2 protein chains.
Amino acid sequence: MNARDYPRPSVSVDLVVLTIVDAQLRVLLVKRKIPPFKGSWALPGGFVRVGEGDDQGEDLDAAARRELQEETGLGPDRVFLEQLFTFGKAGRDPRMRVITVAYYALVRPDLAPLVRAGGDVSDAEWVEVSALEKMELAFDHRDIAQAALERVRGKLDYSDIAFELVPVTFTIPELRHVYAIVAGREVDPGNFRRRFNRMMENGVLEKAPGKRITVSKPATVYRFKRAS
Amino acid sequence: MNARDYPRPSVSVDLVVLTIVDAQLRVLLVKRKIPPFKGSWALPGGFVRVGEGDDQGEDLDAAARRELQEETGLGPDRVFLEQLFTFGKAGRDPRMRVITVAYYALVRPDLAPLVRAGGDVSDAEWVEVSALEKMELAFDHRDIAQAALERVRGKLDYSDIAFELVPVTFTIPELRHVYAIVAGREVDPGNFRRRFNRMMENGVLEKAPGKRITVSKPATVYRFKRAS
DNA sequence: ATAATAGTGTCTATTAGACAATATCCT
DNA sequence: AGGATATTGTCTAATAGACACTATTAT
């Protein structure tokens with residue numbers, strides 16, 4: 001018996017798009033305008049395009065980027081995107097067997113306002129992640145979002161993902177706020193500065209011209225060092 | 001247009017089954033007896049069973065456990081199994097679009113000899129992971145195996161997975177060998193013992209009766225504390 | 001007795017965390 | 001001048017790593 005003859009599942013990509021706006025970690029939710037769960041909030045996503053014959057269709061990562069573009073208008077540049085986990089429990093979609101490859105994306109806060117609803121979406125909104133627990137999302141999307149949060153919080157301290165949630169130029173206190181907001185607790189300014197300085201010594205960052213004007217003492221502005 | 005009408009991919013699970021035998025970290029490879037890549041070494045795996053109509057078929061985890069059982073004879077007990085990553089590049093299977101959800105499994109060394117070939121498999125062998133680089137495996141299975149190794153090595157120091165590669169009762173030096181073999185470098189006996197003692201204080205382990213007889217001073221035997 | 005390995009102890013370097021103190025800028 | 005925040009400095013605790021040393025068993 002040939003594999004071609006087995007029934008096949010549909011495969012989708014779903015996106016947990018995160019950003020920080022108004023000192024809150026937020027996830028992008030869209031309102032579904034087609035069944036099932038019509039009218040419910042859901043993660044942006046859609047089916048992976050699978051070709052027939054010679055053309056086998058698009059890669060998974062490409063499908064994730066395409067959905068991000070289509071449903072939110074966020075272009076492929078400057079958006080961090082990484083595969084999260086694959087959710088494939090039987091029955092998670094009432095219509096038919098759907099296996100979804102979940103991704104999470106990190107959007108710089110200056111790009112967040114540019115998001116607009118598109119595709120099969122009637123509305124898009126940045127929702128505080130703390131509100132997720134009490135919300136009803138379509139399918140198992142709440143579980144997916146929670147998994148993304150765990151991943152991001154877990155990677156915060158041993159990876160560079162915090163830099164994806166800050167504008168291209170940023171101050172040390174701004175970066176510290178990202179850590180505080182994502183981790184959900186205060187971060188000591190002095191201790192954080194030490195950690196930051198150790199990163200600096202590795203040469204991935206450099207000072208940018210100018211100072212950030214705030215209500216008090218302006219802070220030094222940094223940016224990523226250009227690959228030269 | 002309904003999602004039902006799009007062409008769908010086949011979805012498989014592939015397993016990176018690891019164990020330690022003869023002081024080597026080894027991965028289980030099977031010889032394919034059907035095309036494509038007939039006669040090549042490959043990871044054990046197979047297609048996820050997807051139902052039609054009301055029955056949506058088996059969960060992804062269940063598919064992984066079933067394939068493990070079918071192709072190797074390893075029962076579901078005492079085998080650690082965790083989803084790794086989903087590989088879905090177009091063209092990775094020459095026949096048709098196949099998206100594979102990769103899992104990795106850790107097998108206690110005392111169970112490793114019980115493995116026997118089954119299913120669509122004519123032979124099964126525990127291959128040293130160091131030999132993988134130079135081997136040609138079917139599909140993108142070498143990439144999948146490498147990803148599993150990275151995951152296991154990365155989790156070694158902040159999780160309990162090392163205990164999955166040791167018999168039910170074990171000595172501190174035996175556990176230390178697991179760390180050394182997986183990490184690929186010597187581990188200081190004294191320093192390791194300190195770390196181990198900290199684990200002990202958390203109460204997940206207890207002394208087991210008897211001593212392990214070796215060529216010199218016998219070592220104390222430990223085991224996991226029964227959930228009581 | 002000796003070899004071998006289990007097991008203990010010591011020293012140093014690194015890092016996180018709590019927290020005090022100072023510097024600089026806006027109003 | 002005063003408030004706020006950036007920035008620097010100090011102290012303690014936890015941990016990893018290198019390495020010397022002692023204990024116990026088989027031969």
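The chains referred to below are lettered A, B, ... by the order of the sequence lines, with proteins before strands, and numbering in each begins at 1. Predicted, not measured: the structure shown is a model, and the values here were computed from it.
- Side-chain polar atoms of A:N191 and A:R194 form a donor-acceptor pair below 3.5 angstrom.
- A donor-acceptor distance shorter than 3.5 angstrom exists from the side chain of B:R153 to the backbone of B:V182, with no hydrogens or angles considered.
- Residues A:V79 and A:V107 meet the side-chain proximity criterion, which asks for heavy atoms closer than 4.5 Å.
- Annotation: the span from A:T86 atom OG1 to A:I99 atom CD1 amounts to 8.5 Å, rounded to 0.5 Å.
- Closest to the side chain of B:R195, from the set C:dA4, D:dA16, C:dA6, is D:dA16.
- Under the 30°/60° scheme for interplanar angles, the aromatic rings of B:F163 and B:F224 are found to stand perpendicular.
- Among the nucleotides D:dA6, C:dC26, D:dA16, the one closest to any side-chain atom of A:A219 is D:dA6.
- Between B:F139 and B:F87, a ring centre-to-centre spacing not shorter than 6.0 Å is recorded.
- Rounded to an integer number of Å, the gap from CG of A:N197 to C1' of D:dA6 is 13 Å.
- Using a 4.0 Å heavy-atom distance criterion, B:T171 is classed as making no nucleic acid contact.
- Atom OH of B:Y222 and atom P of C:dA6 are 12 Å apart (whole Å).
- B:E186 has its CD atom 17 Å from the C1' atom of D:dA16, to the nearest Å.
- The listed nucleotides are D:dT5, C:dA6, D:dT8; the one nearest the side chain of A:V215 is D:dT5.
- Atom CZ in A:F196 sits about 13 Å away from atom C1' in D:dT7, given to the nearest Å.
- As rounded to whole Å, 9 Å separates atom C1' of C:dT5 from atom NE2 of B:H177.
- In this structure, the CE atom of B:M199 is 12 Å from the P atom of D:dT15, given to the nearest Å.
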Polar atom pairs (N or O), protein with nucleotides 18-23 of chain C, under 3.5 Å:
unit_1: C:dA18; atom_1: N7; unit_2: A:N191; atom_2: OD1; d: 3.4
unit_1: C:dA18; atom_1: N7; unit_2: A:N191; atom_2: ND2; d: 2.9
unit_1: C:dA18; atom_1: N6; unit_2: A:N191; atom_2: OD1; d: 3.0
unit_1: C:dC19; atom_1: N4; unit_2: A:D188; atom_2: OD2; d: 3.0

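- By the ring-ring contact (aromatic ring centres under 6.0 Å, His included) test, B:Y103 pairs with no residue at all, sequence neighbours left out.
- In this entry the distance linking OH of B:Y158 with P of D:dA14 reads 24 Å, nearest Å.
- For C:dG7, the OP1/OP2 oxygens have a side-chain nitrogen or oxygen of B:T220 closer than 4.0 Å.
- Atom CD1 of B:I213 is separated from atom P of C:dA6 by 12 Å (rounded to the nearest Å).
- At C:dT24, none of the side-chain N or O atoms of A:S216 fall inside 4.0 Å of OP1 or OP2 (strictly under the cut-off).
- Between A:R198 and B:K211, the one whose closest nucleotide on DNA chain C sits nearer the 5' end is B:K211.
- Note on B:R176: only backbone sugar-phosphate atoms sit closer than 4.0 angstrom, heavy atoms only; bases stay farther off.
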